[in-house]
Amino acid sequence: MTGNDFDDELKDALIPDAGPHAGPATHSSDMSVITSDKIAGVDPQAARAALADVPWEPGAKKPDPILVADHVVRRFGGLTAVDADHVEIQRGVITALIGPNGAGKTTFFNLLTNFDTPDEGTRVFDGHNIDKVPAHKIANYGMVRTFQLTKALSKMTVIENMKLGATGQKGESLWRSVLPFMWKNQEREIEARADALLDRFKLSHMRDEFAGTMSGGQRKLLEMARALMVEPSMVMLDEPMAGVNPALTQSLLGHVTGLRDAGMTVLFVEHDMDMVQEISDWVIVMAEGRIIAEGPPASIGQNQAVVDAYLGTHHHSALDLEAEL
Amino acid sequence: MDWGSIIESLFRGLIGESFIVFALAAIGLNLHFGYTGLLNFGQAVFMAAGAYGLAMMVATIGPAANRNFGWDLSESTLFWLGIFVGVVVFPVVFALIMGIPTLRLRADYLAIVTIAVAEIFRIVVRSPTPSIKKWTNSSDGLTGFSGTFYDMSPFSTQDRYLFNLFTGNQMFLVIVGWGVLAIGATICWLLIRSPWGRVLKAIREDEDAARSLGKNAYSYKMQALILGGVFGAVGGMIRAIGFSVAQPDNFITDVTFFVWVALILGGAGKVLAPIVGASLVYGLLNFSDTFLREGVAAEVIPESIMTGTQVGQVRFMLMGLGLALLAAFRPQGIFGNKEEMALDDR
Ligand SMILES: Nc1ncnc2c1ncn2[C@@H]1O[C@H](COP(=O)(O)OP(=O)(O)OP(=O)(O)O)[C@@H](O)[C@H]1O
Ligand SMILES: [Mg+2]
């Protein structure tokens, strides 16, 4: 489904050429260089193969985790929305996070990206403890997320949306902003990278339109493309397919596997089991705030705990689950 | 009816001192509201900060420092220090007071705090309590701080300039004001076209999206609040120099309201909007004022409709009517874009 040329072009778009002026000038552009190195250093095939030895049980240890969450608890009044004992996300693979409505998936996402603060627990991303790190710094560490309710910046054009995503921009400092010669070159590089990504995501024709004029599916695409401008090592997608028409779904799936093949780690929330089966390397199942099952996609439909969580304890067959989903 | 004086009054409004003052304050508000989405309902306090920063430095703080520390700072030194205090120190302090507790919260908290800070400052400044009055001189306000400025004027105080519109001192103030306005508008234009401005707009559209892309929304909102406040302070300082007095009641809530009117009339989020908006507001206010006064005096407008003393109120009624019409027929303002505005509702 995913052509190799797509992967190559995506890599080209994601990893900037090391031109003469691409040298790190600020510590944040350092970051982007490190990110590219990391992406280059990840072998997705080996990462996937390594999952073969991981036991199919909640909280299973991974050979090379990029993200580790321990005893993460979030309560809203009397409701415990998330109570995740131990979760590890393997680097370089696509992990799906599934579970019934209200299972706590979005809340867990918010906790992992520090858009929300847990009542208890620790989180470590890529060797950094991120418990006290503000949400905006998470992106500089290389983790970027999208939102279940898409956040296109309506009154900015599509290309402006894209350019916003680049990190380490010199012109984002107040002093330098009024001296265009300080940032024009970097801006040109950013714009070229943005255009390449828009092209990949078939959004070039919308380039100069306001993002608010886009359809729901186009916004999902834009949000994903914009997240990639960060040059992340890990992308977290909250229901990337929700509301996207089936014709677009295939191309979105291609984009997601393309990210993995470019060396990124992907964690996504999804209700569409076909998509989960098709592209994920590993599946984590949440219900009522807890991690109730883990395993490769094929193992999930057979798992009694999952069947119970989705359908209630009175159902007893995996076939029912397949039928319902 | 004396059409000559009606036209003169119109032009004084379009290009005169009030236009400059309110255009600068509205540029600041545009940075706050138009670009960053910050609801500031206390722009008057930033204007007061500029006025009082200068006036207190020259008239009360400076002389007190000279007395107490045995310094010998001249009036003109104090004037330039006062410009720094009024344009930088006071507005930064006010912005921090308003911003630190509220900028992490929802937009409405800032709105409430800005109104409160503006009123608290005004009421404290006009307090007759001796310990405060010796610094701010209560409701009479501070005078004697604009001498250094007018001493620099190359214009004769005897003559009138620019088709008799301005006295020599006014002409000097207006020319300096235009210069400051041109520089301010250029800076604003540069800021908005830069990646910095792009982050502001992103925060206006969706703060969480900006944060997910690595932008420190709190810091940018604070920068915008401070910078917009500085523009307001420059405006307020020019107002005080123009009146040669810094008086609390020149910075009442109505002043904030006029700044908003100028911005909304021009179209929030457009670089030229504050300038054209302020020009039109004061042009129309002056025009209707003089027109009605002349009309009443010439008995073209009969006393059964209004008397000369009612003109002041009637022109604000006309302004209200104008605003209602604007909201009905061109809600996006003069420079705004209707399609862009409609994107909010999708
Ligand atoms: N801010 C909040 N205040 C109170 N309760 C909340 C809040 N956010 C989430 N919850 C509750 O936490 C639980 C988990 O919600 P969450 O949005 O994480 O579910 P989800 O798994 O993402 O569901 P869906 O698949 O429908 O998106 C729900 O019961 C929800 O009502
Ligand atoms: Mg959700």
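Note on naming: letters A, B, ... go to the chains in the order of the sequence lines (proteins, then strands), and numbering restarts at 1 for each one. Quick caveat: nothing in here was measured; it's all calculated off a predicted structure.
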Exceeds 12 heavy-atom contacts within 6.0 angstrom, atom CH2 of B:Trp178: yes
Salt-bridge present (A:Glu160, B:Lys201; N to O < 4.0 Å): yes
Pairing of B:Glu207 and A:Lys151 as salt bridge, 4.0 angstrom limit: no
Atom CG of B:Leu325: over 12 foreign heavy atoms under 6.0 Å: yes
Rounded distance (nearest 0.5 Å) linking atom OG of B:Ser212 with atom CG of A:Asn114: 13.0 Å
A:Trp183 side chain near B:Pro195 side chain, heavy-atom distance below 4.5 Å: yes
Chain B contact via A:Ala166 - side chain, backbone, both or neither, heavy atoms under 4.5 Å: backbone
Heavy-atom contact with chain A under 4.5 Å, split by part of B:Glu340: both
Inter-residue atom distance A:Glu223.CD - B:Leu213.CG, 0.5 Å rounding: 8.5 Å
Structural part of B:Arg204 lying under 4.5 Å from a heavy atom of chain A: side chain
B:Arg330, CZ atom: more than 12 neighbouring heavy atoms under 6.0 Å: yes
Heavy atoms of other groups near B:Phe329 CZ, more than 12 under 6.0 Å: no
For the student: nearest non-hydrogen atoms of B:Glu205 and A:Leu153, plus distance: CB-CD2, 3.7 Å
Heavy-atom closest pair, residues A:Ser177 and B:Leu191: OG-CD2, 3.2 Å
Largest heavy-atom contact set with chain B, pairs under 4.5 Å, which of A:Leu174, A:Ile190, A:Val178, A:Ile138: A:Leu174
Heavy-atom pairs under 4.5 Å with chain B, option from A:Thr113, A:Leu164, A:Asn161 with the top count: A:Leu164
Stepwise salt bridge (charged side-chain N to carboxylate O under 4.0 Å, His left out) test for B:Arg198 and A:Glu187: CA-CA 12 Å; B:Arg198 187 158 64 212; A:Glu187 177 85 354; 2.8 Å; yes
A:Leu179 side, atom CG; B:Ser194 side, atom OG - distance, nearest 0.5 Å: 10.0 Å
Taking every non-hydrogen atom, the tightest pair across B:Leu343 and A:Ser154: CD1-O, 3.5 Å
Best-contacting candidate, B:Gln223, B:Arg193, B:Glu339, B:Lys215, against chain A by heavy atom pairs under 4.5 angstrom: B:Lys215
Chain B contact via A:Thr146 - side chain, backbone, both or neither, heavy atoms under 4.5 Å: neither
CZ (B:Phe335) with more than 12 external heavy atoms under 6.0 Å: yes
Inter-residue atom distance A:Arg145.CZ - B:Arg211.CZ, 0.5 Å rounding: 10.0 Å
Nearest atoms (heavy-atom pairs only) where B:Leu190 meets A:Pro180: CD2-CG, 4.0 Å
Interchain contact, B:Leu227 with chain A, by part (heavy-atom threshold 4.5 Å): side chain
Which portion of B:Tyr218 sits near chain A, non-hydrogen atoms under 4.5 angstrom: neither
Between A:Lys163, A:Lys184, A:Lys137, A:Glu172, the one whose heavy-atom pairs under 4.5 Å with chain B are most numerous: A:Glu172
